Structure formats: structure tokens, C-alpha cells
Amino acid sequence: MARFYVTTPIYYVNDAPHIGHAYTTVTADGLARWHRLLGDEVLFVTGTDEHGLKMKRAAQANGLSPKEQADVYSARYEEAWALLDISNDDYIRTTEPRHHKAVRALMQAVYDNGWIYPGTYSGLYCVDCEGYYTETDLIDGLCPVHRRPVEFMTEENYFFRLSAFADRLVEWYSDQPGAVTPESRRNEALGIIKGGLQDISVTRSTLDWGVPVPWDEDHVFYVWYDALINYATVAGYGTDDGRFKKWWPAVHHLIGKDILRFHCVYWPALCMAAGIEPPRRVSVHGYLLVRGEKMSKTAFNQIAPADLVADFGVDGYRYHFLRDQSFGPDGEFSYEGMAARYNADLANNLGNLLARVSAVVAQKCGGIGPAPRPESPLAPLASDVYDAAAAAWEKVAPSDALEAAWRLVRAANAALEEAEPWRAPPGPEVDAVLGDALEVLRIVAVLASPALTRASAEIWRRIGLTQPIAEARLPDAGRWGGYPGGLAVERGGPLFPRHRD
RNA sequence: GGCGGCGUAGCUCAGUUGGCAGAGCACUCGGCUCAUAAUCGAGGAGUCGUCGGUUCGAGUCCGACCGCCGCUACCA
């Protein structure tokens with residue numbers, strides 16, 4: 001059985017979940033669901049990143065312990081994912097014992113292999129970034145990202161000999177040409193590597209909220225390196241060797257372009273230093289722009305998933321982000337665009353197809369759905385559509401996969417116009433056309449189920465199928481002719497009521 | 001400053017190795033009335049950022065420029 005291990009970044013808890021976080025998570029969920037349909041053994045994980053100075057200070061401000069603060073914040077992400085029907089198999093929090101074990105074991109291996117040395121670091125530090133800046137980075141003496149004062153800090157800490165890995169990284173990139181996609185991001189990572197890598201500080205001695213360094217317990221690991229290791233933790237690193245061998249290195253990371261440097265340069269190097277293989281695949285996506293601008297706290301243009309779910313439902317939400325935002329480049333998000341897509345694809349095309357078919361089946365077939373024609377004119381298209389959808393998911397292009405499925409929806413609507421079964425007397429010809437339409441509904445429900453977690457099951461139920469759609473297995477379930485006929489078809493209310501503003 | 005990307009129909013975006021400009025939405029006209037003012041058909045629509053070059057032929061290749069963005073650097 002094939003295996004599929006897919007991850008989202010673990011989100012830093014000092015922020016409310018917004019549609020940018022959810023975009024990565026929903027895409028990963030769609031991929032996980034597609035692979036489950038294929039019968040793959042799937043490990044899909046998301047979680048939260050909970051250490052660091054910023055968390056410690058937030059806790060102090062609220063009179064809580066850092067762990068209590070992290071519990072509150074982490075729960076917000078879990079709620080958001082529950083709301084969006086995210087089907088993660090595990091949820092990793094960096095404060096868990098298993099993660100501390102993994103971080104300590106992995107970094108100890110790096111240390112034992114001679115890639116870590118003690119040093120002194122001093123500079124201007126931005127607490128919000130958890131990072132150092134040079135004078136020239138600052139804007140008006142403030143952090144360029146957060147526009148807040150920086151602090152001069154000096155600390156004894158440990159450095160990772162990143163500079164020693166430039167050649168091996170370049171070699172890795174040439175051996176694994178598809179490891180980082182899209183190609184422009186791969187080139188960007190190579191640019192960073194070829195531009196010269198400096199050793200990086202991987203510990204902090206001025207902070208106690210983190211994973212203690214095993215060979216020097218007064219230090220904790222810098223939150224970024226702690227965080228990256230979560231992907232190994234989940235696979236069993238440091239706690240379950242058998243499990244780790246099973247899932248590593250065939251891991252597929254989904255990330256936003258803002259953290260490319262960490263995932264495509266530092267993380268592979270750290271893996272090499274620890275003596276494990278770098279991740280097999282990293283897919284990088286762009287930003288969701290709101291009126292041409294990146295979403296940010298300071299721009300006050302962050303959008304909460306719950307607000308959109310309230311207006312479009314979970315299916316409407318997931319469909320929009322998977323279908324309308326192509327994975328890779330930046331994409332423009334607009335409420336109006338979302339509403340237009342919802343009405344066109346979900347209400348008018350798919351929802352209305354179900355409504356008209358079930359109405360005519362009630363009138364002409366006594367409510368019993370006929371079987372499709374084996375030699376239906378729609379059959380070849382259905383085959384093409386399945387191939388296109390499978391290829392699209394394979395290259396992490398959910399929008400192409402869904403676009404393909406809707407070609408079949410449009411063809412079914414057109415075929416009905418052509419045959420006009422509502423004008424014809426009951427009989428074999430009417431049965432043939434309606435059977436074909438029901439078969440399209442069955443197939444589209446399967447192909448769209450990674451996006452439409454609820455409507456897909458409802459379509460199956462209404463056309464009389466009793467098997468849970470989650471148990472459907474591709475490619476068989478996508479082949480023409482699977483609808484048996486002779487099933488009671490329910491005439492229900494609108495599957496996707498039109499959106500009006 | 002260096003490296004890289006982007007700029008295509010009103011909107012959101014596709015355009016593989018150069019070969020008659022595409023999709024969806026929106027819009028216009030027509031058909032249909034089973035259906036959620038739905039659906040089907042037809043149609044208009046673009047100096048492919050600007051200028052120049054290579055070529056029989058350039059959205060695509062080359063150069064310059066304008067605008068937006070990303071990464072990176074501060075060295076004379």
C-alpha cells in the first residue's frame with residue numbers, strides 16, 4: 001500500500017487563525033482526502049508552535065503560565081480546523097513530551113556529528129520576530145517587520161555549522177529536481193544557498209521557555225529549530241524507530257513562501273547534519289492578497305474563516321480556496337469573487353443539476369433512478385476528467401482537479417438540454433438520459449469530495465447510494481458505470497442555496 | 001546595488017519546445033421552462049506594460065525602459 005505523509009507548518013500560536021493559515025491547511029486536507037480515496041495509508045498532520053520569548057511575554061501579561069497561555073491559543077486553531085472539517089490524523093504541539101524527546105535526540109545527533117559549536121552572539125533583537133537585525137535593517141530605529149523597538153542583546157549560544165552544507169545542499173537540489181516546487185521557488189532557495197550561507201545560532205540562554213539543550217541544560221533551542229523538527233517528531237523520531245522508518249523521508253511539506261528559507265535551506269541541512277534524509281518534497285504557495293495587499297495585522301485586513309463559513313458553509317469555503325486560488329502564485333481574494341464562484345459552480349451548475357435530475361426522475365421514473373448507459377456519450381469525457389483530476393492532485397493543483405470535474409457537470413447539463421427528458425414520455429430513452437446524469441452526479445461527488453466534504457455525501461445519499469462516500473476507492477469509483485440504477489432518488493431542497501447580498 | 005519574478009478580455013487567471021490569442025465569471029442576443037431568476041446555444045470583446053531587435057513568423061527569444069513584487073547585499 002502506498003503511503004502519503006503530508007504536513008502543514010505548525011502555526012505560531014500568538015496570532016488568530018486567518019484564511020492564510022487555513023489556505024495551507026485546507027489544501028493539505030484536500031490532498032490527504034484525495035490520497036485516502038486512492039487507498040493510500042495517509043498521515044496528515046498540523047499543529048502549533050508554542051515556545052519562544054513572545055509566548056512567554058504574552059503569558060506574563062495575562063498572568064498565566066506559558067503552558068496555560070499556549071493551551072488557550074492552540075485551542076483556537078483546533079476549533080478552526082474542526083469548523084473546516086480538517087481531517088488531520090495527528091495534531092502536534094511543540095510543548096508535548098514526545099516533541100521534546102525528538103528535538104533533544106535530533107539536535108544531540110547534530111552535536112555528536114560535530115556540526116554545533118559554542119559562540120557568542122550579540123545584536124539588536126526583535127522579540128516579535130524572535131530574530132536579530134543589523135542597524136541598516138531597521139526603519140527609523142524600529143523592527144522593519146513589526147515597527148517596534150528592538151533590544152540590544154548579547155548571549156552565549158550554540159551555532160549550527162550551516163556554512164559547511166552549501167555544497168551538499170546544491171547537490172541535493174540537483175539530485176532531486178522536483179523536491180521544491182514551483183521551480184521559481186526552487187531557484188530562490190538555490191539562490192540563497194549559492195549566495196553564501198552563514199552559521200546560525202540555534203540556542204538561547206536568556207530564555208527558559210523552550211526545549212532544553214541536552215548537553216547544556218541552561219540553554220533552550222531557538223524556537224525555529226525546535227519547530228522544524230516537529231515533522232520528525234510526528235513520524236516517530238526519538239520515540240519510535242520503526243514508525244520513523246515507515247514515514248521518513250517520504251514527507252510532503254506544504255508551506256507559504258514566507259518560510260521558504262527555513263524549510264528549503266535550513267531544514268534540509270539540519271536533516272543532513274543529523275544523519276537523516278531531507279524531506280522528499282516541499283510545495284510552496286503564495287499569499288492571499290486582499291485588494292492587492294498582503295494580509296497582515298497591521299493592515300487590518302485579516303479575515304477569519306468563521307466569517308466566511310457563516311455565509312458560504314464549509315463546502316462553499318473549502319471549494320473557493322481549492323478551486324479559485326491556484327496553488328503557487330499569489331492570488332487575489334475577494335468576497336465578491338467568492339460569491340460569484342459559489343453561485344456559478346455550486347448553486348447553478350452542480351446544485352441545480354441535482355435538483356433538476358431528481359425532479360425529472362420523480363416525474364418520469366416514479367422516483368427510481370435508472371442505470372446509466374455503458375456506451376453513454378458522456379463516458380469518454382468522464383474518463384478524461386478522472387485522468388486530469390488525478391494528474392492535477394499529483395502536482396498539487398487542486399484548482400485544476402476541480403475544474404476538470406466541473407467539465408463533466410457542464411456536459412451533463414448540456415446533455416439534458418439536448419435530450420429534453422421532461423418533454424418525452426416515460427421509457428428507455430428517458431431512463432438512459434437520466435441514468436447518465438445520475439452517474440455524472442455520482443462520479444463528480446467522488447471527485448469533488450476532497451473539497452465538498454458534506455455535499456458529496458449528501459449527493460450520494462439523495463441518489464440512493466448507501467455506501468459511505470469516504471469508503472469509495474479510486475480509480476474504480478471514478479469509472480463510468482458505477483451507478484447501479486433501481487435506487488430511490490430523493491427530491492430535496494437546494495443543495496447550495498444561491499448566495500444573495 | 002546584485003539576482004529573480006510578475007504586468008494577457010470588464011474581473012480572476014491559463015497560455016507547454018516561437019506557428020491564426022484562451023477558460024471561467026460578467027455582458028449582449030436567441031432557445032428552453034425539468035430546475036435554485038436556473039439551464040442550453042450563439043456573440044462582442046484584448047496594440048498580450050512601452051520601445052527596439054532576432055526571425056518567413058514573437059504573448060513566447062534578445063536588449064532597453066516603465067510599474068509592481070520577492071530574495072539578497074552593503075563591498076568601492
Side-chain angles (χ1 to χ4, degrees), chain A residues 133-138 144 182-198 256-262 264-265 284-294 316 319-321 323-365 367 388 391-392 395 397 399-400 402-407 409-426 430 433-434 437 441 455 489 491-500:
Chain A
Y133 285 96
T134 63
E135 293 278 0
T136 51
D137 291 330
L138 304 180
E183 197 174 348
S184 57
R185 298 297 169 199
R186 175 180 184 271
N187 292 338
E188 194 173 320
L190 273 170
I192 293 170
I193 295 161
K194 289 177 176 168
L197 298 176
Q198 303 203 330
K257 65 181 183 181
D258 50 328
I259 51 178
L260 176 126
R261 163 185 297 273
F262 292 95
C264 302
V265 181
V284 187
H285 67 76
Y287 294 139
L288 298 180
L289 306 177
V290 178
R291 281 186 287 277
E293 285 191 29
K294 184 190 170 188
Y319 185 79
H320 170 75
F321 286 100
R323 169 65 184 88
D324 239 3
Q325 300 290 339
S326 65
F327 190 93
D330 290 354
E332 188 72 29
F333 170 82
S334 79
Y335 187 90
E336 295 72 21
M338 184 173 181
R341 173 67 70 182
Y342 173 92
N343 279 341
D345 285 10
L346 297 181
N348 297 350
N349 288 350
L350 179 60
N352 186 56
L353 176 64
L354 177 66
R356 66 195 309 205
V357 168
S358 53
V360 182
V361 166
Q363 285 173 26
K364 303 288 182 179
C365 311
K395 61 177 190 180
S399 64
D400 291 346
L402 292 169
E403 188 278 331
W406 258 255
R407 296 208 306 262
V409 175
R410 284 192 288 270
N413 274 318
L416 285 175
E417 289 299 323
E418 175 74 26
E420 298 187 309
W422 46 87
R423 303 183 71 162
V430 164
V433 174
L434 293 174
L441 285 164
V489 173
R491 199 176 169 185
L495 191 62
F496 298 103
R498 276 182 66 85
H499 178 82
R500 299 166 206 285

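Sequence lines set the chain letters: A, B, ... in the order given, protein chains first and strands last, and positions in each chain run from 1. Predicted, not measured: the structure shown is a model, and the values here were computed from it. FYI, side chains are in, hydrogens and waters are out, and symmetry mates aren't considered; it's all heavy atoms of this structure.
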>> Below the 4.0 Å mark, does B:C25 have OP1 or OP2 next to a side-chain nitrogen or oxygen of A:Asn343?
In response: no
> Under 3.5 Å, is there a donor-acceptor pair between the A:Asn343 and A:Arg500 side chains?
Replying inline: no
> Contact class for A:Pro421 (heavy atom, under 4.0 Å): base, sugar-phosphate, or nothing?
Replying inline: nothing
> Tell me: CZ of A:Arg410 to P of B:G41, nearest whole Å?
Replying inline: 10 Å
> Mind checking the C1' distance from B:C69 to B:G49? Whole angstroms is fine.
Replying inline: 15 Å
>> Can you check the distance between B:A45 and B:G4, where both ends of the measurement are the P atom (answer in whole Å)?
In response: 39 Å
> Taking atom C1' in both B:A21 and B:C62, what distance in whole Å separates the two?
Replying inline: 22 Å
> At under 4.0 Å between heavy atoms, what does A:Leu495 touch on the DNA or RNA strands: base, sugar-phosphate, or nothing?
Replying inline: base
>> Between B:A58 and B:U39, how far apart are the two C1' atoms, rounded to whole Å?
In response: 41 Å
>> Set out, in order, the CA-CA distance, both residues' side-chain angles and the distance that settles side-chain contact (heavy atoms from CB on, under 4.5 Å) for A:Leu346 and A:His499, then state yes or no.
In response: CA-CA 10 Å; A:Leu346 297 181; A:His499 178 82; over 6 Å; no
> Under 4.5 Å between any side-chain heavy atoms of A:Arg498 and A:Asn348, yes or no?
Replying inline: yes
> Quick one: does A:Glu336 reach the base of B:C25 with a side-chain donor-acceptor pair under 3.5 Å?
Replying inline: no
>> Please pick, from B:G24, B:C34, B:U39, the nucleotide with the shortest atom-to-atom distance to any side-chain atom of A:Trp422.
In response: B:C34
>> Can you identify which nucleotide, out of B:U39, B:U36, B:C25, has its nearest atom closest to the A:Arg356 side chain?
In response: B:U39
>> For the C1' atoms, the ones on B:G53 and on B:G18, what distance do you get once it is rounded to whole angstrom?
In response: 15 Å
>> Using a 3.5 Å distance criterion without hydrogens, assess whether the side chain of A:Asn352 forms a donor-acceptor pair with backbone atoms of A:Ala347.
In response: no
> So which nucleotide does B:A37 pair with, by the Watson-Crick or G-U wobble rule with both distances under 3.5 Å?
Replying inline: none
> Just wondering, are more than 12 heavy atoms of other shown residues or ligands nearer than 6.0 Å to CD in A:Glu420?
Replying inline: yes
>> Both distances below 3.5 Å, Watson-Crick or wobble geometry, any strand: find the nucleotide opposite B:U47.
In response: none
> Which value, in whole Å, describes the distance between the P atoms of nucleotides B:G41 and B:G46?
Replying inline: 24 Å
> Which value, in whole Å, describes the distance between the P atoms of nucleotides B:U47 and B:G22?
Replying inline: 15 Å
>> Which is more 5' along RNA chain B, the nucleotide nearest A:Val360 or the one nearest A:Ala415? Just name the residue.
In response: A:Val360
> A:Asp345 has an atom CG; how far is it from atom P of B:G24, in whole Å?
Replying inline: 11 Å
>> Can you tell me if A:Asn352 touches the phosphate of B:U39, counting only side-chain N or O atoms and a distance under 4.0 Å to OP1 or OP2?
In response: no
>> What's A:Gly493 touching, base or sugar-phosphate or nothing? Going by heavy atoms closer than 4.0 Å.
In response: nothing
> Taking atom P of B:U36 as reference, at what distance in whole Å does atom OH of A:Tyr342 sit?
Replying inline: 14 Å
> Taking the C1' atom of each, how far is B:C20 from B:G24, in whole Å?
Replying inline: 23 Å
> In whole Å, what is the span from the CD atom of A:Glu332 to the C1' atom of B:U8?
Replying inline: 17 Å
> With respect to the side chain of A:Arg341, which nucleotide from B:G24, B:U39, B:C34 is positioned closest?
Replying inline: B:G24
> If each of A:Tyr287 and A:Leu416 is mapped to the nucleotide of RNA chain B with the nearest heavy atom, which maps nearer the 5' terminus, i.e. the 5' end?
Replying inline: A:Leu416
> Which one is paired to B:G57, where only Watson-Crick or G-U wobble pairs with both distances under 3.5 angstrom count?
Replying inline: none
>> Categorize A:Ala414 for me: base, sugar-phosphate, or nothing, with a 4.0 angstrom heavy-atom threshold over every strand shown.
In response: sugar-phosphate
>> Could you tell me the Watson-Crick or G-U partner of B:G4, where both distances fall under 3.5 Å? Say none if there is no partner.
In response: B:C69
> How would you label the contact of A:Arg186 with the nucleic acid (heavy atoms, under 4.0 Å): base, sugar-phosphate, or nothing?
Replying inline: nothing
> If you round to the nearest 0.5 Å, how far is OG of A:Ser358 from CG of A:Leu353?
Replying inline: 9.0 Å
> Touch check for A:Ala347, heavy atoms < 4.0 angstrom, all strands: base, sugar-phosphate only, or nothing?
Replying inline: base
> Of all the nucleotides listed (B:C34, B:U36, B:C13), which has the minimum atom distance to the side chain of A:Phe496?
Replying inline: B:U36
> Rounded to the nearest Å, what distance is computed from the CG atom of residue A:Asn413 to the P atom of nucleotide B:G41?
Replying inline: 9 Å
> Does a distance-only test, which skips hydrogens and angles, find a donor-acceptor pair under 3.5 Å between the side chain of A:Glu417 and the base of B:G31?
Replying inline: yes
> Between A:Asp330 (CG) and B:G5 (C1'), how many Å, whole number?
Replying inline: 10 Å
> How long is the span from the OG atom in A:Ser334 to the NE2 atom in A:His320, to the nearest 0.5 Å?
Replying inline: 7.0 Å
> Checking all strands, does A:Gly337 fall into the base, sugar-phosphate, or nothing category for heavy-atom contacts under 4.0 angstrom?
Replying inline: nothing
>> With a 4.0 Å cutoff (strictly under), does any side-chain N or O of A:Arg500 reach OP1 or OP2 of B:U36?
In response: no
> Paired with B:C20 by Watson-Crick or G-U wobble geometry, both distances under 3.5 Å: which nucleotide is it?
Replying inline: none
> How close or far is atom C1' of B:C13 from atom CG of A:Asp400, stated in whole angstroms?
Replying inline: 11 Å
> Quick one: CG on A:Asp345 to CG on A:Leu402, what's the gap to the nearest 0.5 Å?
Replying inline: 9.0 Å
>> Under 4.0 Å, heavy atoms only, any strand: does A:Arg407 hit a base, just the sugar-phosphate, or nothing?
In response: nothing
>> In terms of relative ring orientation, are A:Phe333 and A:Phe321 parallel, tilted or perpendicular, with 30° and 60° separating the classes?
In response: parallel
>> Closest approach to the side chain of A:Arg185, judged atom by atom: which nucleotide of B:A37, B:C34, B:G70 is it?
In response: B:G70
> Which nucleotide in the set B:A37, B:A14, B:C25 lies at the smallest distance from any side-chain heavy atom of A:Ser326?
Replying inline: B:A14
> To the nearest Å, how far apart are A:Leu289 CG and B:C6 P?
Replying inline: 16 Å
